S.K.: 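Pasting a structure below so you can have a look.
In this text the structure is predicted, and so the values were computed from the model without any measurement.
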Amino acid sequence: MVLSKRERVILIATIVVAGAVLAYWLIVSPLLDARAATAATKAKLTADAAEGRLLMAQRQRSAAALEQMKRSNLKTDPAEAEAQVLHAMRRWAEGAGLGRGQVQTVRIAGKGRFSEIEFQTSYSGTMRGITQLLWQIESADIPIRVVKLQIASRKEGQDDLNFELRLSTLYAPKGQPAPARAGGGG
């Protein structure tokens, strides 16, 4: 079979195009897919590493804050921890201009290396007084947190409110092993 010059050019062009399509389909496309998968894996690993560094830094800050708290105000005796919160609440409520409230211990429970004491409190006063008291609790240098908060109006349309707080504090009972220090190994 003898091909004319024109037929030969068409045949060569067809073979080249078919070869290029086949090469793209068998070689280039899988390489591009592998490259995209590698880039996605790299991005995920980079994000995971950044998150890990962030968690390590947060752990170090938390451990430093816990150590500071232990040195300054984390009590080892439940009676001391309870008295610390009761005195602080009385002082903060008076400073916020709230009416004489009630604070009573609800329960004491152990949580691993720490034990927790819960308090039920109720006060009456203005929204400004409530916010001042909550800010004092939030920025306190003693281990205290708000577990539950409920606010109700005493008189409709007036800034005269009743509110109840459930608070908790921690103490480290004597004889319990000390918490592990951050950055100690690993």
S.K.: CZ/Arg128 to OG1/Thr131 distance, rounded to the nearest 0.5 angstrom?
M.R.: 7.0 Å
S.K.: Could you state whether Phe114 and Val147 fall into the same hydrophobic cluster, counting links through intermediate Ile, Leu, Val, Met, Phe, Trp or Tyr residues with side-chain heavy atoms under 4.5 angstrom apart?
M.R.: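 In one cluster: no.
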S.K.: Determine, using the 4.5 Å side-chain heavy-atom cutoff (strictly less than), whether Leu3 and Ile12 are members of one ILVMFWY cluster.
M.R.: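 Not linked; separate clusters.
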S.K.: Is Glu116 salt-bridged to Arg145, going by a charged N under 4.0 Å from an acidic O?
M.R.: yes
S.K.: Look at the side chain of Thr169 and the backbone N and O of Ile117, then say whether any donor-acceptor pair between them is shorter than 3.5 Å.
M.R.: no
S.K.: With hydrophobic residues grouped by side-chain heavy-atom distances under 4.5 Å, do Ile130 and Trp135 end up in a single group?
M.R.: no
S.K.: How far does CG of Leu134 sit from CD1 of Ile151, to the nearest 0.5 angstrom?
M.R.: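 One gets 7.0 Å once the value is rounded to the nearest 0.5 Å.
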S.K.: For a quick test of reading the model, state the closest non-hydrogen atom pair linking Ala88 to Ile142 and the distance between them.
M.R.: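 Shortest heavy-atom contact: CB-CD1, 3.9 Å.
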S.K.: Does some side-chain heavy atom of Leu26 sit less than 4.5 Å from a side-chain heavy atom of Pro30?
M.R.: no
S.K.: Hey, quick one: are Met56 and Leu54 part of the same hydrophobic cluster, counting side-chain heavy atoms closer than 4.5 Å, chains of contacts allowed?
M.R.: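 Per the 4.5 Å side-chain linkage, Met56 and Leu54 are not co-clustered.
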S.K.: Using 0.5 Å steps for rounding, measure from the CZ atom of Arg166 to the CG atom of Leu149.
M.R.: 12.5 Å
S.K.: In Å and rounded to the nearest 0.5 Å, what is the CD1 to CD1 distance from Ile10 to Ile15?
M.R.: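 With rounding to 0.5 Å, CD1 (Ile10) is 12.0 Å from CD1 (Ile15).
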S.K.: Once you round to the nearest 0.5 Å, how far does CE of Met127 lie from OG of Ser153?
M.R.: 9.5 Å
S.K.: Do Val85 and Thr105 have side chains that get closer than 4.5 Å, going by heavy atoms?
M.R.: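 They are not in side-chain contact.
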S.K.: Distance check, rounded to the nearest 0.5 Å: Gln102 atom CD versus Ser124 atom OG?
M.R.: 10.0 Å
S.K.: Would you say Leu133 and Met89 make side-chain contact, with heavy atoms under 4.5 Å?
M.R.: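 A side-chain contact exists here, since the closest heavy-atom pair is under 4.5 Å.
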S.K.: Within the structure provided, determine whether Gln132 and Gln136 are in side-chain contact (heavy-atom separation under 4.5 Å).
M.R.: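 A side-chain contact under 4.5 Å is absent here.
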S.K.: Taking side chain to side chain donor-acceptor pair (under 3.5 Å) as the definition, give me every residue that meets it alongside Gln58, ordered by chain and number, with sequence neighbours left out.
M.R.: none
S.K.: Which heavy atom of Glu164 sits nearest to which heavy atom of Ser122, and what is that distance?
M.R.: CG-CB, 3.9 Å
S.K.: Would you mind reporting whether Val146 and Leu167 have side-chain heavy atoms less than 4.5 Å apart?
M.R.: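 Yes; the side chains approach each other to less than 4.5 Å.
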S.K.: State, with a plain yes or no, whether a side-chain heavy atom of Tyr171 is found less than 4.5 Å away from one of Asp77.
M.R.: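 No; the side chains remain at least 4.5 Å from each other.
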S.K.: Determine the sole option in Leu86, Val106, Leu165, Ile144 for which the side chain to side chain contact (heavy atoms under 4.5 Å, CB included) test with Phe119 is passed.
M.R.: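 Single pass found, and it is Leu86.
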S.K.: Determine whether Val9 and Val17 fall in the same hydrophobic cluster, where Ile, Leu, Val, Met, Phe, Trp and Tyr are linked whenever their side-chain heavy atoms lie under 4.5 Å apart.
M.R.: no
